[in-house]
Amino acid sequence: MLPWIYMAQNDQIRVRFAPSPTGQLHIGNVRTALFNWLFARQKGGTFILRIEDTDLERSEARYETQLMEDLKWLGIDWDEGPDVGGPYPPYRQSDKMDVYRSYAERLIQEQKAYYCFCTAEELERDRQQAMAEQRQPNYSGKCRNVDPAEAERRRATGEPAAIRLQIPERPIRFHDIVRGDVEFSNEVVSDPIIVRSSGMPTYNYVVVIDDADMKITHVVRGDDHISNTPKQVAVYEALGLPVPEFAHLSTILGPDRERLSKRHGATSVANFREMGILPEALMNYLALLGWAPSGGDREIFPKDELIKEFSLERVTPSPAVFDTEKLHWLNRYYIKAAQPERIHQLGAEALQRAGLLPAGANGSVSSWTGSLIDLFAPYVDQLDQLPEKAKIIFNHDAAAALALPENAEVFASDKAKAVIQSFGKRAANEPPLTAERFKAIMDEIKAETGAKGKDLFHPVRIMLIGSHSGPDFNKLIPLLEDGSRLELPVHVKSVRERAQEFIAAQGLKS
RNA sequence: GGCGCUAUCGUCUAGGGGUUAGGACGUGAGAUUCUCAAUCUUAAAACCCGGGUUCGAUUCCCGGUAGCGCUACCA
């Protein structure tokens, strides 16, 4: 039992994930969501989902829906959000314009912000000149000096004006849990626009109002926001609002050490789901990107363990390269650890998409599919590789098998030919083979031809699946025989069919 | 250009003023198997560079270099 005072403190921790619904949920963003969520869950705090849809041009409702589905799929849930509500609505930014405006007016009145009448062209010219002179391209602050009464008069005439926050003449510093104390000279911050001349508030302003309204205590986000943070801190301070703790997470890089992007292949949560990466594998992997447990000698962390062990203090500040190989290793681990029924379900979907299975499979088909998946699932990095792995079951091409040089070597010897002939003859007269019967036949052939080990098995394997390597015969034989008697979109050839076709093809060739 | 952040095996990382610098992925070898995968065992593999502080720096400080980010009336 925790003393109540700690409970009360922990209870006050409030963090948020604030994506804009402008596209697929990116892997870097979802890691931010995960770290926020883990932190909240471990501390018994509140995790909030807030949709930042102020970018009307690019925001779409369907992305918002998908974003929530992706989070749920990963296993992340939220206590407050646009769908479930909460004590500090709205959880979508759209309808808050009047709130932003009233805070801005207050800042003007308190002379912590001022109207700026500079035109875009004017600003651009100043900027160019500063660049040319190798100076910091900061706003000059010239409208700071416009008399408030004068400003009102000009506004009354309809002259467009933005609102700028006046940055104090002292360094701005803040605490970052991941990086320690960070300080920015006020020289480089320059008075930011908080409300555009169009009346639309800007991000660095809005985000502060939203976080403050929602009583956010810890802002956990990507490190691309570090440079924005002093502006935001200045807004908190001007408004007399408590400044939250920050934790800036490092960037996720591609193999070329550049920021992970679509160029690098799969980068959205939806991509990974479609590929057949299990959510627990992705969550585990993402947690390990930038965080490591004390001791650092453990890699497997199911959700509960992550919640127990996670801490923001142990997050690394340096950027991390996304390593698909390691994700695959975790995915293989979780595929083996998962309930077989779940893998059957997911695997069957992949096979259906490949056109190898009918949609609503009945009893015997689905139990056959189950053993098919049990056989091949340990071979795959991701479940969408199943159809490829299972092609030896569905596609049997004797001529192609014979044409392969590496196979030709195997059945060049007289012994191998004898094995093939003998197997073909026997298979022709057999009812569907069981694993036991197959073994018995192989023993007979062994006695008859004197072939054993590779010399015995390799030719048979090539005859049946076109390659000298593949799954255990004990599992393979029943799978072929049972499959051949099912109604499937692609006919599975029986052992007998395979043997006969192979011998026929071989006859044609020689 | 300015400002900021970062720097341990190829990759993710642990560690920390004196260590055989630990783990994991991947890679090599071996065991097992008819074979491949899996599994187990095992090997190779790292403290960016230069100064300082110190008896002693990979660790602390400063500088350099490199990578990344920000530098908007984008979010």
Side-chain angles (χ1 to χ4, degrees), chain A residues 18-20 22 52-55 57-59 93 116 118-120 123-124 127 130-139 160-164 176 178-180 182-185 187-190 192-204 206-207 222-231 248 250-251 253 255 257-259 285 288-300 314 316-330 332 336 375-380 389 410 442 451-462 465 467-473:
Chain A
S20 5
T22 52
E52 302 210 328
D53 60 351
T54 44
D55 189 347
E57 302 266 299
R58 292 187 298 156
S59 295
Q93 282 180 333
C116 172
C118 300
T119 63
L123 260 16
E124 179 59 20
R127 213 174 64 86
M131 297 285 263
E133 291 170 18
Q134 309 228 325
R135 283 186 294 110
Q136 181 77 9
N138 277 345
Y139 175 63
I163 301 177
R164 284 187 190 268
D176 189 301
V178 179
R179 290 151 216 273
V182 184
E183 180 178 304
F184 284 81
S185 157
E187 311 277 310
V188 303
V189 182
S190 87
I193 287 182
I194 58 173
V195 179
R196 301 181 181 92
S197 51
S198 66
M200 282 292 283
T202 59
Y203 169 78
N204 285 124
V206 160
V207 74
D223 66 357
D224 48 340
H225 288 279
I226 291 182
S227 304
N228 287 329
T229 308
K231 294 179 188 169
H248 286 104
S250 66
T251 320
L253 273 19
R257 302 212 127 258
E258 285 189 42
R259 182 185 217 140
Y285 179 69
L288 256 22
L289 262 195
W291 170 83
S294 162
D297 55 357
R298 218 183 128 190
E299 316 284 326
I300 302 289
R314 295 193 58 83
T316 7
S318 52
V321 173
F322 191 91
D323 181 10
T324 308
E325 295 289 348
K326 189 153 182 176
L327 206 213
H328 279 159
W329 171 70
L330 279 165
R332 293 195 297 263
K336 284 172 205 128
L375 184 58
F376 290 107
Y379 284 77
V380 300
K389 291 285 176 194
V410 174
M442 293 304 279
K452 59 181 179 181
K454 292 182 185 184
D455 290 341
L456 176 63
F457 283 93
H458 281 195
V460 174
R461 195 176 276 288
I462 290 169
I465 63 168
S467 165
H468 59 75
S469 71
D472 193 336
F473 278 118

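Note on naming: letters A, B, ... go to the chains in the order of the sequence lines (proteins, then strands), and numbering restarts at 1 for each one.
Remark: the separation of the P atoms in B/U41 and B/U32 is 16 Å, to the nearest Å. Taking atom C1' on both B/C9 and B/G22, the two are 12 Å apart, rounded to the nearest angstrom. Comparing B/G10 with B/C70, their P atoms sit 29 Å apart, to the nearest whole Å. Nucleotides B/G69 and B/A29 are separated by 43 Å at their C1' atoms, to the nearest Å. B/A44 and B/G30: their C1' atoms are spaced 15 Å apart (whole Å). Rounded to whole Å, the C1' atom of B/U39 lies 46 Å from the corresponding atom of B/G56. Comparing the C1' positions of B/U53 and B/A46 gives a spacing of 26 Å, expressed to the nearest Å. Straight-line distance between the C1' atoms of B/G26 and B/C12: roughly 11 Å, to the nearest whole Å.
Listed by chain and residue number, nothing satisfies the salt bridge (charged side-chain N to carboxylate O under 4.0 Å, His left out) test with A/Arg314 (two or more places apart in sequence, or in another chain). Contacts of A/Phe457 classified as ring pair (Phe, Tyr, Trp, His ring centres under 6.0 Å), with partners at least two apart in sequence or in another chain: A/Phe473. By the side chain to side chain contact (heavy atoms under 4.5 Å, CB included) test, A/Ser185 is found to be paired with A/Glu187, residues two or more places apart in sequence or in another chain being considered. Residues meeting the side chain to side chain donor-acceptor pair (under 3.5 Å) test with A/Arg179, sequence neighbours left out: none.
Rounding to the nearest 0.5 angstrom, the gap separating the NE2 atom in A/His458 from the OG atom in A/Ser467 is 8.5 Å. Here the OG1 atom belonging to A/Thr22 is positioned 10.5 Å from the CG atom belonging to A/Asp53, to the nearest 0.5 angstrom.
Judged by distance alone with a 3.5 Å cut-off, a donor-acceptor contact links the side chain of A/Ser197 to the base of B/C73.
A distance-only check finds a donor-acceptor pair linking the side chain of A/Thr202 to the backbone of A/Ile193 [under 3.5 Å]. A side-chain donor-acceptor contact under 3.5 Å links A/Ser250 to the backbone of A/Ser318. Judged by distance alone, the side chain of A/Arg332 and the main-chain N or O of A/Ala377 form no donor-acceptor pair under 3.5 Å.
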Discussion item. Each nucleotide in nucleotides 3-12 of chain B should get exactly one letter: B, S or -. Can you fill that in based on protein heavy atoms under 4.0 Å?
Written reply: SSSSS---SB

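The nearest whole Å value for the distance from the CD1 atom in A/Ile193 to the C1' atom in B/U71 is 15 Å. Counting to the nearest Å, the P atom of B/A75 and the CD1 atom of A/Ile194 are 13 Å from each other. Distance CZ (A/Phe376) to P (B/A38): 15 Å, rounded to an integer number of Å. Rounding to whole angstrom units, OH of residue A/Tyr203 and C1' of B/A75 are separated by 7 Å. Here the P atom of nucleotide B/U27 and the NE2 atom of A/His328 are 13 Å apart, to the nearest Å. Going from atom CG of A/Leu375 over to atom P of B/C36 covers 16 Å, rounded to whole Å. The distance between atom CG of A/Asp297 and atom C1' of B/G23, rounded to the nearest whole Å, is 6 Å. In this entry the distance linking CD of A/Glu325 with P of B/C25 reads 12 Å, nearest Å.
Using a 4.0 Å heavy-atom cutoff across all strands shown, A/Asn228 reaches at least one base atom of the nucleic acid. Among the atoms of the strands shown, only primed sugar atoms or phosphate atoms (P, OP1, OP2) are found under 4.0 Å from some heavy atom of A/Ser20. Note on A/Lys336: only backbone sugar-phosphate atoms sit closer than 4.0 angstrom, heavy atoms only; bases stay farther off. Heavy atoms of A/Arg298 sit nowhere under 4.0 angstrom from any nucleic acid atom. Using a 4.0 Å heavy-atom cutoff across all strands shown, A/Glu258 reaches sugar-phosphate atoms only and no base atom. Residue contacts shown for A/Cys116 are absent, as no nucleic acid heavy atom lies under 4.0 Å away. Among the heavy atoms of the strands lying under 4.0 Å from A/Leu123 is at least one base atom, whether or not backbone atoms are also near.
In terms of position along RNA chain B, the nucleotide closest to A/Gly296 lies nearer the 5' end than the nucleotide closest to the other residue of the pair A/Ser198 and A/Gly296.
Residue A/Asp176 forms a side chain to side chain contact (heavy atoms under 4.5 Å, CB included) with just one option from A/Thr229, A/Val182, A/Asp223, and that option is A/Val182.
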Between the protein and nucleotides 32-34 of chain B, list the N/O to N/O atom pairs that are separated by less than 3.5 angstrom.
{"unit_1": "B/C34", "atom_1": "N3", "unit_2": "A/Arg461", "atom_2": "NH2", "d": "2.5"}
{"unit_1": "B/C34", "atom_1": "N4", "unit_2": "A/Arg461", "atom_2": "NH2", "d": "2.7"}
{"unit_1": "B/C34", "atom_1": "N4", "unit_2": "A/Phe473", "atom_2": "N", "d": "3.3"}

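Applying the Watson-Crick and G-U wobble criteria (two distances, each under 3.5 Å), B/C9 pairs with nothing in any strand. B/C73 is unpaired under the Watson-Crick or G-U wobble criterion, no partner having all donor-acceptor distances under 3.5 Å. Pairing partner, B/C68: B/G4, with both Watson-Crick or wobble hydrogen-bond distances short of 3.5 Å. In this structure, B/U20 makes no Watson-Crick or G-U wobble pair, since no nucleotide meets both defining distances under 3.5 angstrom. B/G63: Watson-Crick or G-U partner is B/C49, with both key distances under 3.5 Å. Figure legend. B/C40 is base-paired to B/G30; pairs are counted as Watson-Crick or G-U wobble with both atom distances under 3.5 Å.
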Practice prompt. Assess whether ring pair (Phe, Tyr, Trp, His ring centres under 6.0 Å) is satisfied between A/His328 and A/Tyr285, documenting all intermediate values.
Written response: CA-CA 9 Å; A/His328 279 159; A/Tyr285 179 69; 9.9 Å; no

Discussion item. Is there a side chain to side chain contact (heavy atoms under 4.5 Å, CB included) between A/Ile300 and A/Leu330? Walk through the geometry before answering.
Written reply: CA-CA 8 Å; A/Ile300 302 289; A/Leu330 279 165; 3.7 Å; yes

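Contact between the side-chain N/O atoms of A/Arg332 and the OP1/OP2 oxygens of B/U39 is not found at any separation under 4.0 Å.
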